[in-house]
Every structure is written in structure tokens, then in C-alpha cells.
J.: 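This is the structure I want to talk about, given as C-alpha cells.
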Amino acid sequence: MQTWSTKSSALQKSPPSPKPSPTIWEAAMYQQSRNAPGLPWLKNYEFPYTFPAPWGSCTVCMTSVAGHLNSQDFDPRFRSWQSCNPGELFDAPIVTYVDKDKTAIAKNIEQQARYATALFIWTDCDREGEHIGTEIRDIALAVNARLDVRRARFSNIERAHVIQAARNPIPLDERQANAVSARIELDLRIGASFTRMQTLSLKPMVEHLQELKVISYGSCQFPTLGFVVERYFRVKNFVPETFWSIKVMHRQDDIDVKFTWRRNHLFDRMAVVILYERCLVAKAAKVVKMQKKPTRKWKPLPLTTVELQKMGSRYLRMDSQRVMKIAEDLYTKGWISYPRTETDQFDKGMDLRALVSKQTPSQAWGAFASNLLAGAFNAPRAGRNNDKAHPPIHPVNFVAPTALTDEERRVYEFVVRRFLACCSEDAQGESTTVEILYGAETFHTHGLIVLARNYLDVYPYDKWESSQQLPAFHMSEVFVPTEAKMTEGQTSPPGYLTEPELIGLMDANGIGTDATMAEHIAKIKERSYVETRSRSGRTNATDDADTSNAAARGGRGGRGGRGRGRGASTTTAGRPSTASNSTMQEFIPTTLGVALVEGYDALGFEPSLSKPFLRKEMERAMKAICAGSTTRREVVQQSLEQYREVFARTTVRIEVLKASFRKYVLGQNG
DNA sequence: GCAAGGTC
């Protein structure tokens, strides 16, 4: 297991050993390890190491945790659903205790801490990691108040970087830990109060909902449902519109060329008729632009979790939760790096060539890897994200496909191909643009010749192919087009939300983390808020553009594209779909899901609980706590005040929610 | 019986 490093805490014990050792990590790997009681995977590694003053030569015990140690719940008096009014959960006392699955880990820390002189925290350097660090600290200090507690600042486990971190300990960042603590309290109070209230008041209304456990509310699951419902209404309320266009064809050198109108299409038939007639009157068209220029298709960015999940549901025939499960398995078996990362740039110190060389034994991509080592290697592009905790997902060892299950093989292959693509060169091509003036209208055509496929050879998930060759046109050449006609078409509705689109929306709006997005999606299925069905054989080429548009619309607080006009609806009209043999799931809300979202929207709170803004606001508040511009207490107090108000108004006007249930779940009008 | 976050 190579990751205990990022989830570890080290305890220095006295008396110190006189024998120094090169790095904590090397030493830990080769020195003796002892199983900690209770858990097979929990190990204590003991080794000597010399720190700078004041610690000096020490005997170190390196051990690990696994995520948060503590759980929070309401005081036992409030745990029964009949014990109180759900609204009282905004003020009910909360107790923090060691999670029952974590007692062995906590006990181990206590045992090791009792006789130690210092505690050195090596958890991930992100907010949650900082909070976990304080949990470890509190457990240790409770048995040994004299412990000197420090924290390592590190973002990878490169040898030099680790030594640097070991020699320059810093204090734990209380602000980051406080930000997380605020989130924990708010999510618990708001989630539990709304969940109980909804369940108790709405579930009894509908017979077939009795089999449901709860009608839950959560700051992440609700916006996730909101995205699905919003798209559903865009599809349902879509009104096709007729548009007109002008198509010009010309045959030259035995090649048929289609010219596209610069105006694309218009929704005013008379206007198009007039413009079209002017073209016909002009008779001849003239070449006004003839441009050849080098072009390239950029290789992909280093792989993040979000991207892995999107690609997985698009090309690997698995839903995001499945992709993550498989990636975790590949990680614990040592084939790929840690699969939960937001980082899309490799640290400078990383020996990427060494990782490439591990792939040379492969039948499928070994030759490509060898070619990279022989000189074709090109440094990966750097994206804009760095979580300072983990590198991009990459293969760490070669494994033969026969040693993997079918699903593991697909995910592993994707990770390797993506990595090799990152280490190769952009694809090179030559693009040709011909523009003609026909009457007063401009038309154009494009040609592409792929000159060097480069990364495309190892990365079949991207398509970039030469177009039909264009005939030779010359600047100022005049010709009478073979054909010019006016065409009519109709805008077509967008499809239901697909999983990559949903993940893209969640990512863009800060709903969930890389590690939890798939869980939120699974949760709204489990709660019967949405259903999925497969949309086979069709991958919309405009997925990404569409996703960001939707996020932007959401950002303005409108009801998305509901009954929307021509502008937006034509973005998907008549757009060719890229060929793909993938089967993708599309999400359709159930009547229950629709009733909830429509009910809250009808209550008229700004912003509605079905929208992502409240979660965004929480993220902003957490950042403010980290920056020191506000405090945990301030944020919790203010947010609770806001939600208490929403809660009170919801219970007073519960009829609005019930009406939505009657309308959508029971199918009654009025 | 509730949340979201961490991860074995």
C-alpha cells in the first residue's frame, strides 16, 4: 500500500535512537512493522530518523488513519424522530464521538501517543486533511498533554520533497479545520431537520411512497436532483421552431463542395427569400479568402477524478460510481496512483519517463511507449488545478491485461493511454478555409489534412480525421455555383441529462467533491428521485459546450431553458453526433423528484433549495474562514439563521409542497 | 430512519 504516506501521522518516541536514516519513507518501508491490534491493515512502522533541532535523533513510529475518525450526531434525546419537532434540530446539542468503525485506529493512536514526545501529522494538505489532523491531535493530547504537535506540508511523495517537509514542520491550520467543522455542523442540522420534516409531512400522503425509507434533503443531493429536473423540463417544454437557410454546392475537379452560410440560418422566411434571391441575381460567386494554415489538436490534460468519471460513463460503459470503485481497486493493488485528485498538472520533480518505461512490455501500447523514450517524449500540458495533495491519476506499474477483470482492464487501459497521450505531442494538421462572396452573402467551407497523428495513435477516445480533400480554389476566382437552394429545418430538443453532463454541472457548481459526486448521483437514484435508462449509440458532440451553457444559465438564477426561445435551442439543432459505440445513461426525474423540486421552487425562496447557490455560498463561507475574514461561529450562526427562516416558512406554507405532490405524484390537477 | 466528508 503506497498511500499510507499521505494519511499518516508519525510519533516520535524517546529515547531517541542514535542511528540516523536517509528519509522517513525509505526507512519506514524497510524497517520493522508491527500490526496494530484490531485491524489487519493498520501497521506501525518503527525506525530511527534524525530531525533538525529541537527534536534531533528520534525513534519514529509511523502509523496511519483512514479518513475522519469522528462522527457527529444529535444528543441521544433528539435521535428519535418522535422526540422533537424537526425544527428543534437547528439548536439541539450535537455530540462528537469516535466512529465505531474507527475505535481500533483511535486506540492505536492513544497507545503510541502515551509515551511519545512529539506528534507529526502527515495527512493530505487540504481542508479535510487539516480537520482529520486535529482529530488525531485531540485523541493524542487527551492521553499525553505534553506532546509537541506539528504538521508536514507536502504535495507529493518525491524523496527530496518529503525530506524538505520532514525538516520544516508547520503548525496545524486551525482555520481550515474550523471551516470543515462548520460544514459538518451545517450539513447535519439542515439535512436532518429538512429530511425529517419532508418525510413526516409528505410521505403519508402517497400510498406507494410508503416503501421509501425517507424523503431526504441534503445540500448536495438536492441541487443534483435540480439539474436533472431542469433538463427534463427543457426537453418537455421544448417547442420546435422552423428556420431557413441557404445551401451552396459547387462541383470542381470532380469534387462536390458544400458551402455553409455565414449566417447559418434565420427564423424569418421572408428575409431568407430576399437574401437568397439576391444571390441568384448575382449569378457568380467570387473567392474572397483562401487560407491554408497549420493547425493542431491539443493532447488531453493530465487526468483528474472528474475527468475520469466523465470519460468512464462516456467510453467505458460504466457509471461514475462503478468507475470509481474499479479505480480504487486498481489503486489498492498498486497499478495506478491515488484516484481522487483535482490536480491536472504534474509536479516538475516527477520522473515521468520512468513511468512511461514501465509500459513498454504492453502488447497494445508498448511500442508507443518505447517511441516516446526514443525521443518523442513531450512534457505534459499543465492545467489550472492543483489540490496540493495528489498528482494527476497515472499508472504506477505495468500489469498484463490477463491479470485484470474486464472492467479493471478497461479503466486501467484508459488511465495508461491518457498518461501516454499526455507525454506525447499534439496532433498536427493543415486546415484550409475557403470563403466566397455570393451576391452580398458570405459562405465558407473548411478542409483538414491530418499530417501527424502523434498522441491520437495511443488515444482512440479523441477523433480527428482528415476531411474530404478540397479542390484547388484560387483567390479572386469567379464561378457559377453548381447549385444554390433555400433549405428549411427545425430546431430539435436537447436530450435528457447524461451522466458526464451531470458530473460537469456538479463540478462547475461545486456540488460535492471529486470523491463524493458519484455517491450523490447514486443517492438520488436510491431515493427514487430519478431513474436512468440507456441512450445507446449516440454521443452528443456538444456535451461540453452544453454543460457549461447550462451552468452559466443556472448561475443567473433563471429557470434554465424553460419555454426558451430560439437562441439557445438552436445550439443543438442539426448538429452531427460523433460516432461512438458507447452506451450512456440518461437521467429522468420520477414524479417524486419533480414534485420536490417544483414544490420548493413554488415556495419562492431566493435562491430555491433545488439550486446550487446555497452550496456555493457554503463553499464561499468556508474559504472566508480559511482566509481569516470570518469565523466558524459567525458562519454557522448566520447560515442557521437563514435556514431556520426557510424552514419556518416552509412549514407554515407546507400546503404549497403538498399541492406539488398532489399535482405530480398523485396526478391531480389544481 | 436524517447530511457530507474522509477512505480499508
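To find a chain, count down the sequence lines: A is the first, B the second, and so on, and within it residues start at 1. Given the structure is predicted, the values throughout are model-derived calculations rather than measurements.
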J.: Report which part of the nucleic acid A:Arg183 touches: base, sugar-phosphate, or nothing (heavy-atom distance under 4.0 Å, all strands).
T.: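 Touches a base.
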J.: Expressed in angstrom and rounded to an integer, what is the separation of A:Asp73 atom CG from B:dG5 atom P?
T.: 18 Å
J.: Considering only B:dC2, B:dG1, B:dA4, which nucleotide approaches the side chain of A:Lys523 most closely?
T.: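 Of B:dC2, B:dG1, B:dA4, B:dA4 is nearest to the side chain of A:Lys523.
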J.: Hey, does A:Lys43 reach any base, or is it just sugar-phosphate, or nothing, if we go heavy atoms under 4.0 Å?
T.: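 Answer is nothing: A:Lys43 stays at 4.0 Å or more from every strand.
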J.: Can a side chain N or O of A:His520 be found less than 4.0 Å away from OP1 or OP2 on B:dA3?
T.: no
J.: Could you state the CD1-P distance from A:Ile136 to B:dT7, rounded to the nearest angstrom?
T.: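 Distance check: A:Ile136 CD1 to B:dT7 P gives 12 Å.
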J.: With a cut-off of less than 4.0 Å, is there a side-chain N or O of A:Thr199 near OP1 or OP2 of B:dG1?
T.: no
J.: With sugar-phosphate meaning primed atoms plus P, OP1 and OP2, does A:Phe194 contact a base, only sugar-phosphate, or nothing at under 4.0 Å between heavy atoms?
T.: nothing
J.: Starting at CE of A:Met324 and ending at P of B:dT7, how long is that distance when rounded to a whole Å?
T.: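 The distance from CE of A:Met324 to P of B:dT7 comes to 10 Å, rounded to the nearest Å.
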J.: When you measure from the side-chain N and O atoms of A:Arg527 to the phosphate of B:dG1, is any distance below 4.0 Å, counting only OP1 and OP2?
T.: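 Checking B:dG1 against A:Arg527, no side-chain N or O comes under 4.0 Å of OP1 or OP2.
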J.: Which listed nucleotide (B:dG6, B:dC8, B:dA4) is nearest to the side chain of A:Thr516?
T.: B:dG6
J.: From CD1 of A:Ile190 over to C1' of B:dC2, roughly how many Å is that when rounded to an integer?
T.: 13 Å
J.: Counting the atoms with a prime plus P, OP1 and OP2 as sugar-phosphate, which does A:Thr513 contact under 4.0 Å by heavy atoms, base, sugar-phosphate, or nothing?
T.: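 Sugar-phosphate: the residue A:Thr513, judged by heavy atoms under 4.0 Å, touches backbone atoms but no base.
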J.: If the threshold is 4.0 Å, N to carboxylate O, is there a salt bridge linking A:Asp75 and A:Arg77?
T.: yes
J.: Applying a 4.0 Å non-hydrogen cut-off, can you work out what A:Arg340 is touching in the nucleic acid: base, sugar-phosphate, or nothing?
T.: base
J.: Taking the basic N atoms (NZ, or NE/NH1/NH2) and the acidic carboxylate oxygens, is any pair closer than 4.0 Å for A:Asp187 and A:Arg615?
T.: yes
J.: Considering every strand and a 4.0 Å limit on heavy-atom distances, what is the contact class for A:Glu328: base, sugar-phosphate, or nothing?
T.: nothing
J.: Under a 3.5 Å cutoff, is there a donor and acceptor pairing between the side chains of A:Asn178 and A:Thr631?
T.: no
J.: Pick from A:Arg322, A:Lys333, A:Arg340: which one makes a salt bridge (Lys or Arg N to Asp or Glu O under 4.0 Å) with A:Glu328?
T.: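 That would be A:Arg340; it is the only one of A:Arg322, A:Lys333, A:Arg340 passing the salt bridge (Lys or Arg N to Asp or Glu O under 4.0 Å) with A:Glu328.
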J.: For A:Gln82, which contact category applies under a 4.0 Å heavy-atom criterion: base, sugar-phosphate, or nothing?
T.: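 Result for A:Gln82 = base.
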J.: Have a look at A:Arg127 and say if it touches a base, only the backbone sugar-phosphate, or nothing, with a 4.0 Å heavy-atom cut-off.
T.: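 Counting heavy atoms under 4.0 Å across all strands, no contact is made by A:Arg127.
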J.: Answer yes if the side chains of A:Gln221 and A:Ser216 hold a donor-acceptor pair under 3.5 Å, and no otherwise.
T.: yes
J.: Considering every strand and a 4.0 Å limit on heavy-atom distances, what is the contact class for A:Asp101: base, sugar-phosphate, or nothing?
T.: nothing
J.: Does A:Gln72 make a side-chain N or O approach to OP1 or OP2 of B:dA3 shorter than 4.0 Å?
T.: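 False: A:Gln72 side-chain N/O out of range (4.0 Å or more) of B:dA3 OP1/OP2.
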J.: Closest-nucleotide mapping onto DNA chain B: is A:Gly510 or A:Phe74 further toward the 5' terminus? I mean the 5' end.
T.: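 It is A:Phe74 whose nearest nucleotide is closer to the 5' end.
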J.: Mind checking if A:Gly129 touches a base, just sugar-phosphate, or nothing, with heavy atoms under 4.0 Å?
T.: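 Here A:Gly129 touches no strand at all.
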J.: Taking only Lys NZ, Arg NE, NH1 and NH2, and the carboxylate oxygens of Asp or Glu, determine whether A:Glu128 and A:Arg183 approach each other closer than 4.0 Å.
T.: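 A salt bridge is present here (some side-chain N lies under 4.0 Å from a carboxylate O).
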J.: Any stacking of A:Trp81 on B:dG1, going by centres under 5.5 angstrom and planes within less than 30 degrees?
T.: yes
J.: Name the nucleic acid region contacted by A:His131, choosing base, sugar-phosphate or nothing; use a 4.0 angstrom heavy-atom cut-off, strictly under.
T.: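 The answer is nothing, as A:His131 stays clear of every strand by at least 4.0 Å.
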J.: Between A:Arg615 and B:dG5, is there a side-chain N or O to OP1/OP2 distance below 4.0 Å?
T.: yes
J.: Looking at B:dA4, B:dC2, B:dC8, which one has an atom nearest to any side-chain atom of A:Lys102?
T.: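 Given the options B:dA4, B:dC2, B:dC8, the side chain of A:Lys102 is closest to B:dC8.
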J.: List in chain and number order the residues that pass ring-ring contact (aromatic ring centres under 6.0 Å, His included) with A:Tyr97, two or more places apart in sequence or in another chain; answer none if no residue qualifies.
T.: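 Residues passing ring-ring contact (aromatic ring centres under 6.0 Å, His included) with A:Tyr97: none at all.
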J.: CD1 of A:Ile184 versus C1' of B:dG5: gap in Å, rounded?
T.: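 After rounding, the reported distance stands at 7 Å.
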J.: Both A:Lys213 and A:Ile132 contact DNA chain B. Which one's nearest nucleotide lies toward the 5' end?
T.: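 Counting from the 5' end, the first nearest nucleotide belongs to A:Lys213.
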